[in-house]
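Here is the structure we will look at.
Lettering follows sequence order; numbering is per chain, from 1. Since the model is a prediction, treat every value here as computed from it, not as a measurement.
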There are 2 protein chains.
Amino acid sequence: MAKKVVPEEARRRRRPTRQGTVLSERLIIDTALRMLREHGSAGLSARRLGAALGADPSTLYRYFDGMDGLTLAIGEELIGRALDAFTATGDWRHDLRELGLLIHGAYLSHPQAAVLTAGRVTGRPREIAADETVLGLLRTAGFPDAEAVGIYHAFIDQSLAFAALDAGALALAETSRTSDERQWESTYARLPADEYPHIAATARLLAARMNHSAYPLALDMLLDSAEARLRAVRTTP
Amino acid sequence: MAKKVVPEEARRRRRPTRQGTVLSERLIIDTALRMLREHGSAGLSARRLGAALGADPSTLYRYFDGMDGLTLAIGEELIGRALDAFTATGDWRHDLRELGLLIHGAYLSHPQAAVLTAGRVTGRPREIAADETVLGLLRTAGFPDAEAVGIYHAFIDQSLAFAALDAGALALAETSRTSDERQWESTYARLPADEYPHIAATARLLAARMNHSAYPLALDMLLDSAEARLRAVRTTP
DNA sequence: ACCTGAACACCGTTCAAGT
DNA sequence: ACCTGAACACCGTTCAAGT
């Protein structure tokens, strides 16, 4: 893998393309993100991306290791945007909540890209930076190392997992253009109350909830538990 | 959508295929799951599935609404298997934990299928049954409806989201055949301690954790918080 | 050094024709 | 009623050839 991809810094001469474009990783990623937003995740292909860039599709292979490498680069870009928007306040619980919502938000702002990208955890620079930040918040707050590492792991995977799930739902809703609110309403309202008593009893509450992400609540519950664990550590040191 | 798909019960005559197979939804889903396991998620295509079944690929279109419909059916199958393996004990926390681990496990036992399927939440029968079960556990435990609905939502989405994330990682590891344990070890061990002090300080703990799913811990943390909320409701009724 | 063009080996899906 | 075969409009990727 990564066979003949030339790293961005090592590029010597760049000739404009037949149609006059001067290519770069930046330009390719930005164009890919735009295509994903405009045409959905099925709308991105090497051939179409080439056409959008005014370049032969095969040229992409010296910038990225195939479509897979491009996907990884897009994921890095999204994580990076979340990190850039983050500033710590010193309150660990507030900061973790903020960072989680930023990561989730960065993916959801490009749902079609997130679908492609999520679950491709990579170990590339911006991701490592996010890891360091989260670990730092927890260790500084006073969590013992073993506890900090566990909570870090649960926190970061929860953020990425919900980002992927919610992006998938959003991407689907965008392409199928169905009024989703009504869809949930009718799904739950239509069920026989004798067979599904608990759904029937809460149908209104369900319909109101299911169109929003469960991530904020799940995140708060994780932080609840973390806070209780920190108290336990402090009282029995 | 679902244009000319004949529902399984409504099928009249079935002619064996040129090669002698008698098709059914069951047979098609089982064959697809086997192909996914054996050849990875890129190894499933209408043409290859047709060949494996001994039928023309175009025949599949009267059993499922394209590859997308087949994907949904595979998702239903995985959820169904988790539910079939579940029996309630009456201890809500134990039961939710059990059910969460079963759902996660069902997806992870077919990681290649889970990758395709996850994030395609559908509202089909087996899924609704899972919803009813979870809501029932929470309401019977004494959670007020609004609380029960919120926790149900966080629980079910967290289970599916982690299932998808972990399945993705597993599927990737299976196809790339890299020794993953060593990969994490080297990633973290190689980082400069002055730039990444928190990672450096916990590198050993990280390497030990990152190859396992964070789902069991995240699940326990969610249940911790739920239990605390239930206590709060009980003491101030 | 970098981009191009042709070629290879595939896709999903439709629909008229066969049995 | 059900399955088939040909056709359409696409894919990702490689590599020798061009500039």
>> Of the listed nucleotides (dT4(D), dT13(C), dG5(C)), which one gets closest to any side-chain atom of Ala55(B)?
In response: dT4(D)
> Rounded to the nearest Å, what distance is computed from the CG atom of residue Leu53(B) to the P atom of nucleotide dT4(D)?
Replying inline: 11 Å
> Now, which nucleotide makes the Watson-Crick or G-U wobble pair with dC8(D), with each of the two distances under 3.5 Å?
Replying inline: dG12(C)
>> Whole angstroms only, please: what is the CG-P distance between Asp68(B) and dG12(C)?
In response: 12 Å
> Which atom names give the shortest non-hydrogen contact between Leu33(B) and Ala113(B), and what distance separates them?
Replying inline: CD2-CB, 3.7 Å
>> Would the base of dG12(D) count as contacting Ser45(A) through its side chain, where contact means a donor and an acceptor less than 3.5 Å apart?
In response: no
> What nucleic acid atoms does Thr17(A) come within less than 4.0 Å of, heavy atoms only: base, sugar-phosphate, or nothing?
Replying inline: sugar-phosphate
> Is the phosphate of dC2(C), meaning OP1 or OP2, less than 4.0 Å from a side-chain N or O of Tyr63(A)?
Replying inline: no
> For Arg62(B) and dA1(D), what is the distance between atoms CZ and C1' respectively, to the nearest whole Å?
Replying inline: 7 Å
> To the nearest angstrom, how far is Arg47(B) atom CZ from dC10(D) atom C1'?
Replying inline: 11 Å
> Does the side chain to side chain contact (heavy atoms under 4.5 Å, CB included) test come out yes or no for Asp131(A) and Tyr196(B), once each step is laid out?
Replying inline: CA-CA 9 Å; Asp131(A) 299 346; Tyr196(B) 302 99; over 6 Å; no
>> For dC3(D), give the paired nucleotide (Watson-Crick: N1-N3 plus N6-O4 or O6-N4; G-U: N1-O2 and O6-N3; both under 3.5 Å), or none.
In response: none
> Where the side chain of Met67(B) is defined as all heavy atoms beyond and including C-beta, which of dG12(D), dC3(C), dG12(C) is the nearest nucleotide?
Replying inline: dG12(C)
>> Using whole Å, what does the distance between atom P of nucleotide dC11(C) and atom CZ of Arg48(B) come to?
In response: 6 Å
>> Could you tell me how far apart Asp56(A) (CG) and dG12(D) (P) are, to the nearest whole angstrom?
In response: 13 Å
> Separation of Leu49(B) atom CG from dT13(C) atom C1', in whole Å?
Replying inline: 15 Å
> Tyr61(A) has an atom OH; how far is it from atom P of dT4(C), in whole Å?
Replying inline: 15 Å
> Is a donor on one side and an acceptor on the other found under 3.5 Å between the side chain of Arg126(A) and the backbone of Leu78(A)?
Replying inline: no
>> Looking at every non-hydrogen atom in both residues, tell me the closest pair between Leu219(A) and Phe155(A) and how far apart they are.
In response: CD1-CE1, 3.8 Å
> Parallel, tilted or perpendicular: which fits the ring planes of His104(B) and Tyr215(B), with parallel below 30° and perpendicular above 60°?
Replying inline: parallel
>> Suppose we define a pair by two distances each less than 3.5 Å, Watson-Crick or G-U wobble; what does dA17(C) pair with here?
In response: none
>> Taking the P atom in each of dC10(C) and dA9(D), what is the distance between them to the nearest angstrom?
In response: 22 Å
> Reckon Thr59(A) touches a base, only the sugar-phosphate, or nothing at all at heavy-atom distances under 4.0 Å?
Replying inline: base
